[in-house]
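Data first, discussion second: the structure below is written as structure tokens.
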Amino acid sequence: MALNYIWIGFFLVGFVAALAQWIFLGDTEIFKRIIDGTFDAAKMGVMDIALPLAGVMTLWLGIMNIGEKAGAVGWLAKVISPFFSRIFPEVPKDHPATGHMVMNFSANLLGLDNAATPFGLKAMESLQTLNPNKDTASNAQIMFLVLHTSGLTLIPLAIMAQRAILGAKDPSDIFIPCMIATYVATVAGIIAVSIRQRINLLNGVVLGWLGGMTAAIATLIWYFTQYLTKPEIETVSKVASNLILFSIIVVFIVGAMIRRVNVYEAFIEGAKGGIQTSLTIIPYLVGMLVAISVIRNAGVLGFVVQGLEWLIRMAGLDTAFTPALPTALMKPLSGSGSRALMIDAMKTYGVDSFVGRLACIFQGSADTTFYIVALYFGSVGVRKTRYAISCGLIADFAGIIAAISVAYVFFG
């Protein structure tokens, strides 16, 4: 029901905002911009997202099926099952869903969005087989979705590439701040969902895994800052992420060969579901993107930012970060929209300015909560999202606060 009210609210709030701008500001183009935006969003949902996703899904579902036949996915499930069995108590040990989730998180860590989405949709499909109420999100599905929306990414390749295109002196200087902010968002998401699901995080296994991940990230940060130059960080990030992804494909194929699996037939068998999945999500995707377009083109975000800036100024706090807030506010709604706002901030204030860098950190600190909810739950027919959105937004908010804090530490 939450998604239903949010979707309705987007249209009603957008209409009121547009009406106010027409009556009080004399903006006679506002309604045209909104309607044009709905057509563009609907077209984008089908032509730019769903159809291209069909090809990517076909490829990676085929690769995933090879990995399952090779036993690699099951091996991953066994390795991480001690940790996942604590935060996903409803998922049986060694269930394929664990391996699928691990593949999704791994692709996200490397900043490989195109690979992460098929893995994530496959994981949601696997979790749906364990869900007794098919139209209502299960506890495991909510935990997985919130972890995904927290956007844990170690290598923000796309952001660094965009900074390089715009002429940044050190395109990778946002690498560490992004890593810190997204990690804070992820931990906040885990805590928020665990409180709702009464999951005890204060046990040796969970603390050990979280502590180990924290230590690994800290070690990576230390190594990159102490032993690599800025250009070397970019090169290592680019090569490592794509090398690891290609290595996964090769390992799957070799493992399947060892097990005497007909690799090509296994690929075709898994790939068949790619197009059907993409077609299934079109109505959910278009519905959410159109609603988001209404909010964006009605200027609601601008009003919110102005209101927040006034409140911050009244509180006597520094407002240097407020010009970057549109990127943060757009991120839960639209990845392409927040990317456009990030680029606009860098062009307007300077790619190496405080605002320009903070906009990049916002972009890398979390993922697109509403888009992911529509895409992932829509792919399996889940209509009742329960508290998935609220916990996802808590993670987003934690990421925003962390992004502002680390921006002041590194660039303030």
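Because only heavy atoms are used, hydrogens play no part in the values below, and waters and symmetry mates are left out as well, while side chains stay in.
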Atom CZ of Phe303: over 12 foreign heavy atoms under 6.0 Å: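 Enclosed.
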
Does CE belonging to Met314 count more than 12 external heavy atoms closer than 6.0 Å? yes

So, [X] and [Y]: side-chain donor and acceptor under 3.5 Å apart, yes or no?
X      : Y      : answer
Tyr387 : Asn139 : yes
Glu68  : His100 : yes
Glu269 : Tyr264 : no
Tyr183 : Thr214 : yes
Asp396 : Thr369 : yes
Asn104 : His148 : yes

Donor-acceptor pair, distance only, cut-off 3.5 Å: does the side chain of [X] make one with the backbone of [Y]?
X      : Y      : result
Asp170 : Asp173 : no
Arg86  : Pro82  : yes
Gln128 : Val380 : yes
Arg163 : Val351 : yes
Lys331 : Ser338 : no
Gln141 : Ser138 : yes

Describe, in one word, how the ring planes of Phe144 and Tyr376 are oriented to each other, choosing from parallel (under 30°), tilted (30 to 60°) and perpendicular (over 60°). tilted

